[in-house]
Amino acid sequence: MKCLDCGMEMEQGTVVGIGQGGGHWYEFTSNEEKRKTGIKGFFTKKTVSVEATVLDYPAWHCPKCRKVLMWIDSKE
């Protein structure tokens, strides 16, 4: 897979969550949703919950940019 930033070929591997306790999660918010402001934005902003377990996930790493792209299922 090519890096989304620099176009260099990425190395494939896995990402493993280590030492994550209960109550730990991640959320994805689109840039469009982030632009919502005021009371409307506070009450109507949509986010997607992302799994945060100790399971391992497929991932790709760019040695040049040092970025990691993970493939994780959402809870929705």
Side-chain angles (χ1 to χ4, degrees):
M1 174 181 283
K2 300 280 185 188
C3 177
L4 300 174
D5 283 343
C6 72
M8 184 176 182
E9 191 63 32
M10 299 176 83
E11 52 194 15
Q12 187 173 4
T14 58
V15 170
V16 180
I18 299 173
Q20 295 179 345
H24 187 86
W25 73 92
Y26 296 99
E27 288 184 339
F28 168 81
T29 306
S30 70
N31 290 337
E32 183 178 328
E33 291 295 318
K34 287 179 186 178
R35 285 190 284 273
K36 291 183 179 178
T37 58
I39 298 206
K40 183 179 181 183
F42 183 75
F43 289 108
T44 64
K45 196 174 287 185
K46 296 176 188 171
T47 59
V48 175
S49 296
V50 178
E51 295 284 347
T53 64
V54 293
L55 300 175
D56 59 350
Y57 297 104
W60 293 263
H61 173 256
C62 178
K64 182 178 177 185
C65 297
R66 300 185 328 176
K67 303 251 193 274
V68 174
L69 175 65
M70 298 189 304
W71 193 262
I72 301 175
D73 293 330
S74 68
K75 292 183 179 181
E76 270 92 269

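In what follows, residues are counted from 1 in the order of the sequence shown. Just so it is clear, the model here is predicted, and its values are computed rather than measured.
- The cluster map of Ile, Leu, Val, Met, Phe, Trp and Tyr, joined by side-chain heavy atoms under 4.5 Å apart, puts W71 and M10 in the same cluster.
- Separating the CD atom in Q12 from the OG1 atom in T14 is a distance of 9.5 Å, to the nearest 0.5 Å.
- Residues M8 and C62 come closest through the heavy atom pair CB-SG, 4.4 Å.
- Residue pairs that meet the salt bridge (charged side-chain N to carboxylate O under 4.0 Å, His left out) test with at least one member in residues 57-69, sequence neighbours left out, are D5-K67.
- Put simply, the side chain of E9 gets close to the backbone of M1: a donor and an acceptor are under 3.5 Å apart.
- Of the inter-residue distances, the one linking K34 atom NZ with E32 atom CD reads 12.5 Å to the nearest 0.5 angstrom.
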